[in-house]
Amino acid sequence: MRLTRIRAITAAAALGLSVAPMVPASAASAADDVVEWATTDGEPVKITTTSAGQRAHVFFTGSAGRHLTISCEPGTGASSYVIQRADGSEFTNSKCDAGKPLDFDPLRESGRLRMLFTGENGQPFSATVKVLMVEDVTGTITPGGAPLSLAAAKPEQNLSFALPLRAGQRVQMMCQSNASLAWVMMIDPRGKIVEEDFESFTNCGSSYPDEAGIYTATEAGTYRYVLYPGTRRRTYNATVSAVSTLPDATAELATDGTPVTLATTAPYQRVKATVTLKADTRVYITCEKKGDEHTLAWLYRPRYHGYTLRSCQDGGPGGEPTFINGTLEAGTSTILIDPTDEGTDEFTLRVHTVPAPVAAELPLDGTPVTLETTTPGQLAQLTVKAEGGERVWIGCRLGPRRAPKPWTNSDRAHVGFTHPGGQFPDQGACNAPEDSPYSDHPSVFNSYKRYTAPMTKAGTHTLTVSMNSAETNTMTLWAYKVPANVEATAAADGTPVTVETTVPGQQAHVRFPGVSGSRYTLSCDVTGSSRTGRVEVTSPSGKYLNLMYCRPDGKVVTDPLKESGDFRLEFVFDKDGTGKADLKVTPAS
């Protein structure tokens, strides 16, 4: 027993564990426990306990980034084990089962580990343990040096590129591999994983050399850049290089719209700007650049992962700036801009704290109400009070374009219509007079099927207008309570029927008797106006049949009708939605 005791004390001391009597049994080896050391080349280690409550300890040293497999083949009795770190904390646990080895692909910690085995119900047991740490394929690269290609001879191997760095040195890794989902990991001289700067899930490109992470050396020494595939079905290869780059160009952004310009001066250098808020705040952030090259941009919020901002100014100089419009949480948020490839550029960022919406009440008698925003991102909110059951036509016009940049959005502003209780079933657009062809459609809702908003519930409805850009502007809205549809009947003999709408959004419905199997010529023309309109033809059962335009040449011939009864022509004017029209129904020859 003396030899076992010495081995247990030596093993515990090597692991940094106390062996004083007051230490719990789970943290140190007992005098009669079985203690063994395992190599990491797969050599079998046999452990056997002979008395109740006796345990077994198997020590080995792991290396982060390596592919590690642990197998346990039971002998007599059943056992389970827990793998512990040097401080006694649990790394993982498993049962001794030859058919279920543990596979660490790759191992994410370096250092000495202990496998602590216990028998089922404290009974004696025996087992054979194998620890296999697959040898990496290795090579050495230097920052700015030639790319190095390595190939795995076995699918289970990792590729490890040694990389000597100075303390504080910053490198952009470039990687290309034929492996499916080739992941990467940087390991420092002490065997700890180095976190990539503001990135995650970086992998190695398959079609071209990919920017596979920027890392900063915390100390001088040799780092290991490890590549491991997502699947181990076949052998693979990779080509890796490292490029030294300058630290990020950084700045703290104010929230009053003050522009801050940052420039990159070396390949792979990035821009990193921060904004700190004391409380959750609605902000509007814009990004413009000097050059035409594409850039990637992310926003990292205090409590959430970053998300892509498309890029900084998609169209380049003179185009719309990229913008973020929303609420940031209290704390420090980071905007990270990464120029493409080896390009350098100059970026201008602005952060505006968005004030409360400008607000007013909108009557339902057509009286226009004008509001003006003063800060990008500010909303305009108009409330509409309804008794319930109304249909409302809403018009909206923006003022003349203020910003000097051309617009790439088809709609200058978004309009949301919130009903009482928080429902948000309707949305539309608002544009300016020069936004042809939208100038012909001042209605917020102007699809073929819907020109009005239903107010099915009594109470206060809210119209929220938000610009789709960094522009501030005036917004003029007006609304009408839409009266009942104009109803008329046309004989199917070509006699014209005149209908007139007097309020925007009002429709005219003209019915005519149709006979199954017959074809009809339907025509529509406006009277005393150059306006046009649209007419939809529906069957007695409510099925859509045809669409025609109300103008001098507005005419359509139906297919043979499939049913008899009252067919309906649903007519609505363009522009402000009012006017007269003549409709005729004639049997087709």
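We use all heavy atoms of the structure for the numbers below, so side chains are in, but hydrogens, waters and symmetry mates are not.
Shown here for T344 and P267, the closest heavy-atom pair between the two residues is CG2-N, 4.4 Å. Between T245 and Q269, the shortest heavy-atom contact is OG1-N, 3.2 Å. Contact detail for A153 and T235: the closest heavy-atom pair is O-CG2, 3.4 Å. The heavy-atom pair separating S333 from L299 by the smallest distance is CB-CD1, 4.3 Å. Counting all heavy atoms, side chain and backbone alike, G65 lies closest to V226 at O-CG1, 3.4 Å. Across all their heavy atoms, R232 and P229 have their closest contact at NH1-CD, 3.4 Å.
Using a 4.5 Å heavy-atom cutoff, the side chains of L463 and V415 are in contact. Side-chain contact between E293 and P339 is absent, with no heavy-atom pair separated by less than 4.5 Å. Side chains of Y268 and V171 form no contact here, defined as non-hydrogen atoms less than 4.5 Å apart. Looking only at side-chain heavy atoms (C-beta outward), E135 and R66 come within less than 4.5 Å of each other. In this structure, the side chains of L68 and F60 come closer than 4.5 Å at one or more pairs of heavy atoms. Residues P189 and E219 meet the side-chain proximity criterion, which asks for heavy atoms closer than 4.5 Å. Put simply, the side chain of L328 reaches to within 4.5 Å of the side chain of V275, judged on heavy atoms. Counting heavy atoms from C-beta on, the side chains of L379 and R282 come closer than 4.5 Å.
Judged purely by atom type and a 3.5 angstrom limit, Q378 has no side-chain atom pairing as donor or acceptor with the backbone of T472. Judged purely by atom type and a 3.5 angstrom limit, T264 uses its side chain to pair as donor or acceptor with the backbone of D345. Looking at S71, its side chain never comes within 3.5 Å of a backbone N or O of P101 through a donor-acceptor pair. T322 contributes a side-chain N or O that, together with a main-chain N or O of Q313, makes up a donor-acceptor pair within less than 3.5 Å. Using a distance-only test at 3.5 Å, with no hydrogens or angles considered, no donor-acceptor pair links the side chain of D338 to the main chain of L296. The backbone N or O of E43 lies less than 3.5 Å from a partner atom in the side chain of D41, making a donor-acceptor pair. A donor-acceptor contact shorter than 3.5 Å is absent between the side chain of D248 and the backbone of V271. S177 contributes a side-chain N or O that, together with a main-chain N or O of N237, makes up a donor-acceptor pair within less than 3.5 Å. R412 contributes no side-chain N or O that, together with a main-chain N or O of M467, makes up a donor-acceptor pair within less than 3.5 Å. Side chain of T462 to main chain of T418: no donor-acceptor pair is present (N/O by atom type, distance under 3.5 Å, no hydrogens or angles).
Among residues at least two apart or in separate chains, there is no disulfide (SG to SG under 2.5 Å) pair with a member in residues 223-263.
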Run the side chain to side chain contact (heavy atoms under 4.5 Å, CB included) test on V465 and L477 for me, step by step, so that the C-alpha distance in whole Å, both residues' side-chain angles and the decisive distance to 0.1 Å come before the verdict. CA-CA 10 Å; V465 185; L477 288 92; 4.2 Å; yes
Apply the test side chain to side chain contact (heavy atoms under 4.5 Å, CB included) to residues Y215 and Y223: give CA-CA distance (whole Å), side-chain angles for both, the deciding distance (0.1 Å), then the verdict. CA-CA 11 Å; Y215 302 89; Y223 290 70; over 6 Å; no
Let me see the working for D136 and T138 under side chain to side chain donor-acceptor pair (under 3.5 Å), right down to the final yes or no. CA-CA 6 Å; D136 293 341; T138 62; over 6 Å; no
Go through the steps to decide whether S180 and R233 satisfy the test side chain to side chain donor-acceptor pair (under 3.5 Å), and finish with yes or no. CA-CA 10 Å; S180 174; R233 297 174 182 173; over 6 Å; no
Report the C-alpha separation of T261 and T348 in whole Å, then their side-chain angles, then the decisive distance to 0.1 Å, and conclude whether the side chain to side chain donor-acceptor pair (under 3.5 Å) test is met. CA-CA 4 Å; T261 299; T348 299; 2.9 Å; yes
Could you walk me through whether D103 and H67 satisfy the side chain to side chain donor-acceptor pair (under 3.5 Å) test, starting with their C-alpha distance in whole Å, then the side-chain angles of each, then the deciding distance to 0.1 Å, before giving a yes or no? CA-CA 8 Å; D103 191 43; H67 188 174; 2.7 Å; yes
Side chain to side chain contact (heavy atoms under 4.5 Å, CB included) assessment of S94 paired with K100: CA-CA 9 Å; S94 182; K100 296 180 179 180; 5.8 Å; no
Does the pair V240 and L148 meet the rule for a side chain to side chain contact (heavy atoms under 4.5 Å, CB included), with working shown? CA-CA 5 Å; V240 172; L148 175 66; 5.9 Å; no
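The CZ atom of F161 sits 7.5 Å away from atom OG of S149, with the distance rounded to the nearest 0.5 Å. Separating the CD1 atom in I335 from the OH atom in Y300 is a distance of 12.0 Å, to the nearest 0.5 Å. One distance of note links CG of D188 with OG of S110; it measures 8.0 Å at 0.5 Å rounding. The structure places CG of N158 at 10.5 Å from CG of L107, a figure rounded to the nearest 0.5 Å. With values rounded to the nearest 0.5 angstrom, L163 atom CG is found 5.5 Å from M173 atom CE. With rounding to the nearest 0.5 Å, the separation of CD1 in I324 from NE2 in H352 is 11.5 Å.
The pair E73-K130 does not meet the salt-bridge criterion, since no charged nitrogen lies less than 4.0 angstrom from a carboxylate oxygen. Between K272 and D197 there is no salt bridge, since no side-chain nitrogen of the basic residue lies less than 4.0 Å from a carboxylate oxygen of the acidic one.
Aromatic ring pairs are classed by plane angle as parallel below 30°, tilted from 30° to 60° and perpendicular above 60°; the pair F117 and Y81 is tilted. Between Y284 and F323, the two ring planes are parallel [angle under 30°; tilted spans 30° to 60°].
Using modelled atom types and a 3.5 Å distance limit, the side chains of T474 and E372 yield no donor-acceptor pair.
A 6.0 Å sphere centred on CD of E156 holds more than 12 heavy atoms belonging to other residues, nucleotides or ligands.
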